[in-house]
Structures are given as C-alpha cells and as structure tokens.
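Counting convention: from 1, in listed order, for ligands and their atoms alike. All of these numbers come straight from a predicted model, not from anything done at the bench. Position 1 is the first residue of the sequence; numbering continues from there.
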Amino acid sequence: MRELFAVLVATCGLSNPQQLWDKYKNDMTDDILHRLQEQNPNVTYSDLIYNEGLTKIEDQVKTISGKDLSDYGMIRPQRTEEISSDLIRELDYDTASLQQQLTESVPRLNPEQRLVFDNVVKKIEDGEGGLLFLDAPGGTGKTFLLNLLLTQIRKDKGIAVTVASSGIAATLLNGGRTAHSVLKLPLNLAHEEMPVCNISKNSERGRMLQQCKLLVWDECTMSHKRAIEALDRTLKDIKSNPNIMGGMVVLLAGDFRQTLPVITKGTPADEINACLKASTLWVQVKTFSLSTNMRVQLHNDVQSGQYAAALLKIGEDRMAKDGNGMITLDREFCNVVHNPDDLNNFVYSELLTNMRNREWLCERAILAPTNEMVGQINEQIMSRVEGDIVEFLSVDTVMDTEQVTSYPVEFLNSLELSGVPSHKLRLKVGVPVL
Ligand SMILES: Nc1ncnc2c1ncn2[C@@H]1O[C@H](COP(=O)(O)OP(=O)(O)OP(=O)(O)O)[C@@H](O)[C@H]1O
C-alpha cells in the first residue's frame with residue numbers, strides 16, 4: 001500500500017497527498033505496528049511509527065522522481081541522519097563547561113560589551129526578535145562578546161546559529177560556518193531582485209531555524225544586502241511570522257570601514273549600492289558600537305594601539321590625500337618595498353632552509369589583489385627553489401560535441417575563473433602547495 005501511495009504521489013499529480021496520508025496512515029503503517037507489537041504487545045500507533053512509514057514512502061518517491069515529499073506539498077519525515085547533521089550539531093555542547101565559561105567571562109565584559117550582551121539576552125528572553133548591528137573595529141572585543149552570547153544561549157540547550165561571510169571569520173566563532181552553506185544563499189545575488197534562501201519550512205534546516213533563538217552573522221558588511229534580505233524573507237516564511245527576521249533575534253557584526261561587498265566588474269557606486277546600509281531593512285536596524293581597543297587596554301600594547309588608530313583614520317577618510325586622491329602610508333604604519341622582488345626577499349628571506357618548516361610557513365603570507373599577480377609572485381618564489389618545473393594541466397574538453405567549435409581549446413585554457421585553480425599549474429618537487 002505504501003508503494004502504491006508513493007507511485008501516486010510521484011507520478012499522478014495528487015491535489016492533496018497530505019490529506020490522503022493523514023486519512024490512511026494507520027493502514028499504511030500497520031506492518032510496522034505489528035513488528036513492534038511482537039516485542040511489546042502494548043505498543044500502539046505513534047508519531048514514531050508514522051515517521052518510519054513516511055520515511056519509507058519518501059525513499060520510494062525519491063527513487064521514482066528524485067524529489068522529496070515537501071516538493072509535493074507534504075510534511076517530510078524526520079530522518080535521524082538529518083537530525084544529527086543539523087539539530088544535533090547545534091545542540092552538541094557541554095553545558096557545564098559553557099556555564100563555567102560564562103561565570104568566568106561575563107564579569108570581565110567592559111561597559112560597552114555589557115550593554116550589548118544585556119540587550120541581546122533581554123530581547124531573546126522577552127521573545128521580541130529584531131535585527132541588530134554591532135559596529136566593531138578590529139581589536140574591540142567583538143569575537144569575545146559574540147562567543148559569550150552564543151554560550152549564554154547554548155548553556156540552556158537553546159539553539160544559537162553562527163555564520164560569517166568568509167570562511168576565515170567563521171573559524172573564529174564557536175560552531176561558526178559560512179553564511180552561504182548554512183543559509184543556502186543563492187549564488188547570483190547581484191542578479192536576482194527578490195532572492196530567498198534555498199530552505200523550505202519542512203526541511204531539517206528549516207526546522208532547526210524555527211527553533212533557533214539567536215543568529216549571529218559576523219563580517220556581514222562584506223555580504224551583499226540581498227543576502228540579508230533573502231534571510232529576512234526566508235525566516236518570515238519558515239517561522240510564519242511577518243515581523244522582521246520572522247521574529248528571531250539576528251545580530252549582525254562587522255565594520256563598514258573594511259571590505260565592502262565585491263561586485264564583479266562593478267564601480268564603487270555599485271559596491272555602495274550593494275552594501276547593507278543601502279537596504280530597505282537598514283532603517284529597522286538597532287546599532288550598537290564597541291570602541292575600546294581591548295588589545296591595547298589589556299596588554300598595554302602601544303604599538304597595537306597606534307596601528308588600530310591608523311586603521312580607523314584610513315577607514316574614516318581622515319588621511320591627507322594628494323591631487324589624485326591617493327594617500328601615503330607612513331613607515332610607522334607599515335614597511336614599504338618598491339618592487340615584488342624586494343617583497344619576496346623580505347617575507348621569504350630564508351626560504352630554502354625553511355621550506356619544510358610548517359610553523360615558519362604559517363607565520364607569513366603574501367596577499368595580492370588579482371590572480372594574475374598571484375601567479376607572478378608564485379613564479380618568482382619558485383625560481384629560487386632548485387629543480388625542474390612540472391606542468392599540470394586541467395581537463396580542457398567540451399562535453400557537448402556540438403559546442404566544440406564555439407569553445408576552442410586555446411580559449412578554454414585561457415580562462416582564469418574565480419575560485420578555480422588555473423588551467424596550468426607549474427610546480428617543483430618539494431614546493432609547499434596551499
Ligand atoms: N572583556 C574582555 N575581557 C578580557 N579579554 C578580552 C575582553 N574583550 C576582548 N578581550 C580579548 O582582547 C583580544 C581582542 O578581542 P577580540 O579578538 O574579541 O577582538 P575583535 O574585535 O574580534 O578583533 P579583530 O576584529 O581584530 O579580530 C582577545 O585576546 C580577547 O580575548
């Protein structure tokens with residue numbers, strides 16, 4: 001009977017399969033009940049039995065059509081492997097050690113941090129919801145504060161989800177992952193007028209977000225405004241609540257003085273327009289600020305203080321400019337080199353003796369704004385290493401034979417795609433590859 005139902009759902013376009021299931025679910029799961037009654041005669045129909053039946057039906061529907069039950073307007077079964085990947089992940093914290101962490105750290109919060117902490121906790125306790133923004137230049141204790149807020153919710157087995165716009169920022173927050181992977185944001189945000197996250201109400205991710213009390217989004221100033229708008233639309237739908245962010249407390253953190261959203265081939269005006277401050281949601285945002293540099297205050301680190309002050313000066317456009325609108329970085333702020341060779345020799349001065357020293361390599365890096373420049377720097381560094389260069393080429397064949405003439409091999413090889421390694425990798429034996 002389950003098999004018949006699965007075929008009907010997957011192929012016959014039933015107008016209301018959920019109603020049919022609700023009406024006949026006992027008949028469709030009586031074999032499961034009999035099996036359980038063999039071990040315990042007192043067992044009666046329960047959600048657990050219906051869930052098992054529905055899981056088997058969904059497996060068959062998936063085999064036939066590749067879709068799950070929510071695609072046909074039905075409530076999906078709870079699958080143990082999905083629960084473990086979402087709900088269990090968010091609940092898998094040692095509450096005793098979280099409590100200890102709070103007892104030790106909350107009294108150390110400075111007045112600015114304490115104000116944010118108390119406000120956010122109160123909002124969650126009052127079930128108020130809202131969109132908050134924490135403006136925090138580097139070193140002002142943002143990560144410290146955000147981790148404490150997450151701990152406060154998790155110590156009572158509450159769900160606090162934490163995401164960041166970049167992978168590196170995500171690693172600094174407890175349980176952090178990238179916003180794109182957790183919120184299933186569409187990739188083409190710049191081209192979609194009204195994007196939504198790819199999360200349905202009945203999916204495990206959707207159910208986890210329904211229970212979530214606090215969502216922290218770090219480095220949100222780097223994200224396109226439509227990413228936050230997509231989250232707003234999705235949360236309203238998932239939580240069936242028309243209030244901002246579906247009534248959930250969403251705490252955004254970042255610094256508008258740092259990198260803004262990157263718009264491919266865009267002008268500065270496009271970047272400003274893509275910025276969170278240009279969103280219609282911004283008027284509803286409640287902003288908090290942190291300004292005390294904790295690195296300076298705690299460790300009396302004067303150099304850190306000067307560096308932070310110079311960064312603020314640049315970010316707030318308070319540096320003197322020349323006729324072309326360019327600023328000059330002074331030698332107290334950074335070391336200046338005049339060509340790429342000098343840079344290489346400065347950063348990787350004892351390369352040959354340290355090439356296999358992991359710690360030495362981890363202490364330094366050269367960043368460059370374009371892939372082309374990265375290629376040039378790599379070539380220069382490699383020329384200092386002995387040995388023959390070996391070239392590794394990517395696959396460069398068009399799958400669709402009719403398209404072969406439109407995409408000659410030379411053209412395919414010339415592509416330098418963002419996030420994809422170059423077509424031609426040139427390496428030497430022993431060279432570290434990141
Ligand atoms: N209230 C506090 N009590 C004790 N230590 C603190 C406090 N606030 C911050 N710190 C410490 O100060 C240092 C800087 O804080 P944190 O890393 O949170 O700053 P941040 O704003 O995230 O900086 P960045 O953006 O540069 O990473 C850390 O070592 C952190 O542990």
Side-chain angles (χ1 to χ4, degrees), residues 93 97-122 132-155 160-179 214-223 228 250-262 275-277 285-316 318 329 332-334 362-365 367:
Y93 291 97
S97 81
L98 293 183
Q99 181 59 60
Q100 194 189 344
Q101 210 177 317
L102 278 174
T103 315
E104 282 168 14
S105 301
V106 172
R108 291 161 65 198
L109 289 173
N110 70 29
E112 287 174 335
Q113 291 172 323
R114 184 75 206 214
L115 180 78
V116 184
F117 185 86
D118 289 345
N119 262 279
V120 175
V121 171
K122 183 161 186 322
L132 314 172
F133 176 71
L134 179 61
D135 173 31
T140 49
K142 176 193 67 179
T143 312
F144 185 85
L145 169 64
L146 294 181
N147 276 328
L148 269 192
L149 277 167
L150 296 167
T151 306
Q152 170 73 18
I153 307 304
R154 289 169 180 164
K155 70 138 188 356
V161 175
T162 170
V163 302
S165 301
S166 70
I168 291 288
T171 59
L172 296 176
L173 291 166
N174 300 336
R177 287 182 292 155
T178 64
L214 171 68
L215 192 147
V216 170
W217 188 330
D218 196 11
E219 306 291 7
C220 75
T221 41
M222 277 171 58
S223 288
I228 286 109
V250 175
L251 176 58
L252 308 173
D255 182 0
F256 285 108
R257 301 164 198 87
Q258 297 178 17
T259 313
L260 295 183
V262 175
C275 203
L276 174 60
K277 278 194 178 177
V285 171
K286 186 170 164 56
T287 302
F288 295 94
S289 301
L290 299 180
S291 60
T292 313
N293 191 303
M294 295 308 286
R295 290 200 183 99
V296 181
Q297 193 169 75
L298 292 169
H299 312 297
N300 214 5
D301 184 345
V302 182
Q303 241 190 339
S304 259
Q306 285 167 348
Y307 187 75
L311 272 183
L312 267 185
K313 223 169 142 187
I314 298 172
E316 290 172 359
R318 288 188 277 115
L329 297 175
E332 275 168 29
F333 181 71
C334 59
C362 288
E363 281 166 4
R364 64 210 68 226
L367 306 181

Pair L109, V116 - check side chain to side chain contact (heavy atoms under 4.5 Å, CB included), show working.
CA-CA 10 Å; L109 289 173; V116 184; over 6 Å; no
Among protein heavy atoms, which sits nearest to [atom], and what does the distance come to when rounded to 0.1 Å?
atom: atom 29 (O) of ligand 1; answer: H299 NE2, 4.7 Å
atom: atom 22 (O) of ligand 1; answer: T143 OG1, 2.4 Å
atom: atom 2 (C) of ligand 1; answer: F144 CE2, 3.4 Å
atom: atom 12 (O) of ligand 1; answer: M294 CB, 3.6 Å
atom: atom 5 (N) of ligand 1; answer: L298 CD1, 3.0 Å
atom: atom 21 (O) of ligand 1; answer: K142 N, 3.0 Å
atom: atom 24 (P) of ligand 1; answer: G139 N, 3.6 Å
atom: atom 13 (C) of ligand 1; answer: R295 CG, 4.1 Å

Taking 4.0 angstrom as the limit and counting only heavy atoms of R108, give me the atoms of ligand 1 inside it, by number and element.
1 (N), 2 (C), 3 (N), 4 (C), 5 (N)
Are any non-hydrogen protein atoms located under 4.0 Å from atom 8 (N) of ligand 1?
yes
Shortest non-hydrogen contact from L260 to C275?
CD2-SG, 3.9 Å
Of all heavy-atom pairs between G138 and R295, which one has the smallest distance, and what is that distance?
C-NH1, 4.4 Å
Decide if atom CD of E363 counts as having more than 12 heavy atoms of other residues, nucleotides or ligands within a radius under 6.0 Å.
yes
In terms of its nearest heavy atom to atom 25 (O) of ligand 1, the top option of G138, P137, S105 is G138
To atom 16 (P) of ligand 1, the nearest of A136, P111, A169, G141 on a heavy-atom basis is G141
Given the side-chain rings of F256 and F133, with only the six-membered ring counted for Trp, is the space between their centroids under 6.0 Å?
yes
Could you check whether D118 pairs with K122 (Lys NZ or Arg NE/NH1/NH2 to Asp/Glu carboxylate O, under 4.0 Å)?
no
Is any side-chain N of the basic residue among D255 and K142 closer than 4.0 Å to the acidic one's carboxylate O?
no
Counting N and O atoms only, with roles assigned by atom type, does the side chain of E112 sit under 3.5 Å from a partner on the main chain of T292, one being a donor and the other an acceptor?
yes
